[in-house]
Amino acid sequence: MAELNGVPVTPDELKALALVNYGHFTSMRMEDQHIRGFSHHLERLVRDCRVLFSQELDRQQVRDYVRQATAGRDGAFVVRVTIYDPDLELGHPGAQAEPKILVTTRPSGAWPMAPMRVQSVPYVRELPEQKHVGLFGALWHRRNAQLDGFDDCVFTDPELYVSEGATWNIGFYDGQQVIWPNAEVLPGVTMRLLHQVHDATSLRPVNLSDLPRMEAAFATNTAIGVRAITAINDVEFPDAHPILATLRKEYEEIPAEAV
């Protein structure tokens with residue numbers, strides 16, 4: 001399913017997204033017409049639209065298009081809302097933009113997802129605080145990590161301070177607190193919600209040299225929930241630490257919002 005401003009999208013309307021690749025998006029797990037953290041996703045879209053297009057996005061319009069595109073559909077699946085201008089030209093990105101709202105859906109995986117092993121790589125995404133469609137660098141490093149035998153990659157700065165995964169946030173547990181890296185990262189909705197509900201939480205720098213002192217590591221985003229990380233490079237972590245079950249329970253107990 002793919003609808004642009006409420007009607008089926010045409011191949012011509014998708015050309016700019018495929019060839020110019022300028023826009024932003026958010027992905028959300030919908031379960032029986034409810035989305036956990038839906039208001040946060042709407043806020044993200046509005047904020048990023050200001051940054052990328054200097055335009056005010058209508059929250060209610062986004063809600064209406066999501067509601068229309070998913071009407072009558074039960075169970076769990078992933079909804080993605082992409083904001084882009086079908087008429088944007090590669091040579092004139094500074095032209096007055098008229099961004100439109102693309103709503104697509106895809107199947108969601110079962111929770112909890114299998115643990116993963118990740119490889120660190122020095123890399124900082126362009127505009128890291130925006131969830132933009134420029135994923136080439138992230139996918140390049142994910143591909144290389146998989147070719148090296150890992151499942152995914154996690155980014156660091158040049159001084160080896162951990163920031164985020166290719167498409168997810170990363171957290172750690174030191175035996176007392178959940179730690180989110182204090183770095184330039186996308187403020188993920190799942191991370192924000194867990195930060196709100198889990199009392200023993202801190203935001204501080206995490207260097208690769210700190211990893212042997214951590215008891216657990218995990219990845220979060222709306223599609224995977226809380227996913228165990230069992231290795232970062234050659235540092236190993238358990239796949240069933242009690243903190244993982246606690247975070248999953250706390251997250252799943254957050255009331256989901258009706259669309």
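Atoms CG and CG, on Leu102 and Asn5 in that order, are 9.5 Å from each other to the nearest 0.5 Å. Atom CG in Leu127 sits 9.0 Å away from atom CG in Asp48 (nearest 0.5 Å). Thr220 contributes atom OG1, which lies 4.5 Å from atom CG of Asn169 (distance to the nearest 0.5 angstrom). One distance of note links CD1 of Ile101 with CG of Leu57; it measures 5.0 Å at 0.5 Å rounding.
Thr104 and Ala2 make their closest contact through CG2-CB, 3.8 Å (heavy atoms, listed as atom of the first residue, atom of the second, distance). Residues Pro8 and Glu13 come closest through the heavy atom pair O-OE1, 4.3 Å. For Arg248 against Val226, the heavy-atom pair with the smallest separation is NE-O, 3.0 Å. Annotation for Gln33 and Thr70: closest pair NE2-O, 2.8 Å, computed over non-hydrogen atoms. For the pair Phe237 and Leu211, the tightest heavy-atom approach, listed with the atom from each and the gap, is CE2-O, 3.7 Å. Here the closest heavy-atom approach between residue Phe155 and residue His141 is recorded as CE2-CB, 4.2 Å.
Sequence neighbours left out, the pairs with a member in residues 137-148 that pass salt bridge (charged side-chain N to carboxylate O under 4.0 Å, His left out) are Arg142-Asp152. Sorted by first and then second residue, the pairs that involve residues 61-70 and meet salt bridge (charged side-chain N to carboxylate O under 4.0 Å, His left out), not counting sequence neighbours, are Asp64-Arg67. Sequence neighbours left out, the pairs with a member in residues 125-139 that pass salt bridge (charged side-chain N to carboxylate O under 4.0 Å, His left out) are Arg125-Glu164.
A donor and an acceptor atom, one from each side chain of Thr230 and Asp239, are nowhere located under 3.5 Å apart. In the model, His195 has no side-chain atom that pairs as donor or acceptor with a side-chain atom of Thr201 under 3.5 Å. Side chains of His34 and Glu257: a donor-acceptor N/O pair is absent below 3.5 angstrom, by distance only. Checking Asn207 against Ser209 by side-chain atom types alone, a donor-acceptor pair falls below 3.5 Å.
For the pair Arg36 and Tyr251, the distance from NZ or CZ to the six-membered ring centre is under 6.0 Å and the angle to the ring normal is within 45 degrees. A cation-pi geometry, defined here as NZ or CZ lying under 6.0 Å from the six-membered ring centre and within 45° of its normal, holds between Arg29 and Trp111.
For the pair His40/Arg44, no side-chain contact is recorded, criterion being any heavy-atom separation below 4.5 Å from C-beta on. Between Val78 and Met30 there is no side-chain heavy-atom pair separated by less than 4.5 Å.
Taking the six-membered ring for Trp and the full ring otherwise, Trp180 and Tyr173 have centroids separated by 6.0 Å or more. Between Tyr22 and Phe53, the distance from one ring center to the other falls under 6.0 angstrom.
A single hydrophobic cluster is seen to contain both Met1 and Met28, as judged by linkage of ILVMFWY side chains at heavy-atom distances under 4.5 Å, directly or through other members. Both Leu193 and Phe218 are members of a single hydrophobic cluster when ILVMFWY side chains are connected at heavy-atom separations under 4.5 Å.
Ion pairing between Arg47 and Glu43 fails under the 4.0 Å rule for side-chain N and carboxylate O. Taking the charged nitrogens against the carboxylate oxygens, Asp174 and Arg204 do have a contact shorter than 4.0 Å, which makes a salt bridge.
Surrounding CD of Gln130 are more than 12 heavy atoms belonging to other residues, nucleotides or ligands, all under 6.0 Å away.
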- request: Begin from the C-alpha positions of His198 and Ile243 and carry the test side-chain contact (heavy atoms from CB on, under 4.5 Å) through to its verdict.
  value: CA-CA 11 Å; His198 190 78; Ile243 191 62; 3.8 Å; yes
### Task
Report the C-alpha distance between Thr190 and Asn221 in whole Å, list the side-chain angles of each, state the deciding distance to 0.1 Å, and finish with yes or no for side chain to side chain donor-acceptor pair (under 3.5 Å).
CA-CA 5 Å; Thr190 303; Asn221 72 23; 5.8 Å; no
